[in-house]
Amino acid sequence: MTIREFLSDRLRRLLFQAVFIMAAAIFLSATGTGMGVLILLLCAWILVLICIQTYDFLKCRAHLSELQFIMDHLDEKYLFTECIPKAGNLYERYLFILTKRAGRSMIRAVSDARAANREYREYVESFVHEIKAPITAARLISRHVEPETGRKLIKELSQIEAHVERALFYARLESPEKDFLVRQSSPAVIVANAIERYRSLLIQSGFRIETDNLEQTVYTDEKWAEFIFGQILQNAVRYRRKEDPFIRISGGRSGSQIAITVSDNGIGIPAHELPRVFERGFTGSNGRSLGGATGMGLYLCRKLSACMEAELQIFSEEGKGTQVMVIFPVRDAESGAGKSF
């Protein structure tokens, strides 16, 4: 709080006191009080007024600084009313009581919302784990039908499983630390697992896949990284060319970073839509025209990458293809010159 703000807040009170001083001076002058006495009384009055206002200003500023300090050092800001010191005068005490009641009401609302959200997340996780059993059973049953029907069933089941997996990771986003395990991993193994998971979808879509220079070492959560590459592969399948679809997955290192690049020769992304592809629920013109897009895949990839301290970059040219780079940090001891991205 500045002096100007303080005086602006007290302007009415100061104007009232000035009017009162002028009225008192006129009254004393009319009763025969000498000019010298009037000047002394006026100076004394102004001095007392300045001292009182200065004291009030310093007191208010110190109190606001204390409140600001408490607010800045609180992790949960809505607990502010439970931490502030008691007020001095009667008006501030009543205001404090009302504010504290409002704060406690907010705390109860936040606690109820968190409990409801936790229950919903636990339900989604339970649902995902339970639905995996009938999906697996349906896969086994599909082996005993005619080959063409079996391939179609497996493709649809893969899509269902992908949606279920996205729902699980979305539910875990609020508390990722509970399902997060960083360890030394190989991009070659992660990519191979992602390809194997969507092998049927890739084969039925006619994709050729090449991998190069993936024998690196990164520190990440393998399950999360596999999910990210799986989402990238699914997007490549969804937005593929009809003739000779192709995916190339390559690794490169520069200093303290390792980048795994997934390139395809698909239909690409319009330039004006490229900055929005990581937004939640954004499907773009291609997603709307082909149908079935949720706009959640790349959004989840960006969120999970941030949790792993990795970076996700995307480059695309409409009609020519798309490149997605997953950039992992490496330990300082292992940093050094290497192959450029």
Going from CD1 on Ile97 to CZ on Arg101, what distance comes out if it is rounded to the nearest 0.5 angstrom? 9.0 Å
Do Ile249 and Asp212 come within less than 4.5 Å of each other through their side chains, counting heavy atoms only? no
Take atom CD of Glu279 as the centre, draw a 6.0 Å sphere, and report whether it contains more than 12 heavy atoms from other residues, nucleotides or ligands. yes
What's the spacing between Glu146 CD and Leu153 CG if we round to 0.5 Å? 9.5 Å
Ile258 versus Thr217: any side-chain heavy-atom pair under 4.5 Å? no
Examine Val182 and Phe169 and state if one hydrophobic cluster contains both, with Ile, Leu, Val, Met, Phe, Trp and Tyr joined whenever side-chain heavy atoms are less than 4.5 Å apart. yes
Quick check: are there more than 12 heavy atoms from other residues, nucleotides or ligands sitting under 6.0 Å from CZ of Arg208? yes
Under 4.0 Å between a side-chain nitrogen and a carboxylate oxygen: does that hold for Arg276 and Glu273? no
Nearest heavy atoms of Gly251 and Ile260, plus distance in Å: CA-CD1, 3.9 Å
Return yes if some donor-acceptor pair links the side-chain N/O of Ser205 with the main-chain N/O of Val237 below 3.5 Å, else return no. no
Shortest non-hydrogen contact from Ala236 toward Ile247: CB-CD1, 3.7 Å
Non-hydrogen atoms of Ile267 and Arg240 that approach each other most closely: CG2-O, 3.8 Å
Could you give me the CA-CA distance, side-chain angles and deciding distance for Leu233 and Phe207, then say whether side chain to side chain contact (heavy atoms under 4.5 Å, CB included) is met? CA-CA 10 Å; Leu233 291 175; Phe207 268 89; over 6 Å; no
Taking the side chain as every heavy atom from C-beta outward, state whether Ile314 and Leu274 have any atom pair closer than 4.5 Å. yes
Applying side chain to side chain contact (heavy atoms under 4.5 Å, CB included) to Ile39 and Cys43, what does each step give before you reach the verdict? CA-CA 6 Å; Ile39 293 174; Cys43 290; 4.1 Å; yes
Distance (rounded to the nearest 0.5 Å) between Phe328 CZ and Tyr219 OH: 13.5 Å
Check the side chains of Ser65 and Gln68 for a donor-acceptor pair under 3.5 angstrom, ignoring hydrogens and angles. no
Can the ring centroids of Trp224 and Phe229 be said to lie less than 6.0 angstrom from one another? no
Looking only at side-chain N and O atoms, does Tyr198 offer a donor or acceptor that is under 3.5 Å from a partner on Gln234? yes
With side chains defined as the heavy atoms from C-beta onward, is the minimum distance between Phe227 and Arg166 less than 4.5 Å? yes
Does a donor on one side chain sit under 3.5 Å from an acceptor on the other, for Asn235 and Gln231? no
Report yes if some heavy atom in the side chain of Thr211 is under 4.5 Å from a heavy atom in the side chain of Leu214; otherwise report no. yes
So, Arg197 and Glu165, do they make that salt bridge, N to O below 4.0 Å? yes
For Ser316 versus Gly268, what's the shortest heavy-atom pair and its separation? OG-CA, 3.4 Å
Under 6.0 Å between ring centres, would you say that holds for Tyr299 and Phe278? no
I'd like to know if Glu196 and Arg199 make a salt bridge, using a cut-off of under 4.0 Å between side-chain N and carboxylate O. yes
Residue pair Gln313 / Glu311, side-chain donor-acceptor N/O under 3.5 Å: yes
Looking at Ala194 and Gly230, what are the two nearest heavy atoms and their distance? CB-N, 4.0 Å
Do Ile50 and Phe20 sit in one hydrophobic cluster, given that two such residues count as connected whenever their side-chain heavy atoms are within less than 4.5 Å of each other, even indirectly? yes
Counting N and O atoms only, with roles assigned by atom type, does the side chain of Asn265 sit under 3.5 Å from a partner on the main chain of Phe246, one being a donor and the other an acceptor? yes
Taking the side chain from Arg241 and the backbone from Gly319, do they hold a donor-acceptor pair closer than 3.5 Å? yes
Evaluate the side chain to side chain contact (heavy atoms under 4.5 Å, CB included) criterion for residues Asp264 and Val324: first the C-alpha distance (whole Å), next the side-chain angles of each, then the deciding distance (0.1 Å), finally the verdict. CA-CA 9 Å; Asp264 65 55; Val324 182; over 6 Å; no
Euclidean distance, Met325 CE relative to Thr261 OG1, rounded to 0.5 Å: 4.0 Å
Is any side-chain heavy atom of Val110 closer than 4.5 Å to a side-chain heavy atom of Arg114? yes
Show the nearest heavy-atom pair for residues Ser185 and Glu222, with the distance to one decimal. OG-CG, 3.0 Å
Hey, could you give me the CG/CD1 distance between Leu312 and Ile228, rounded to the nearest 0.5 Å? 6.5 Å
Between Lys59 and Tyr55, is there a side-chain heavy-atom distance shorter than 4.5 Å? yes
Rounded to the nearest 0.5 Å, what separation is found between the CZ atom of Arg13 and the CG atom of Leu49? 10.0 Å
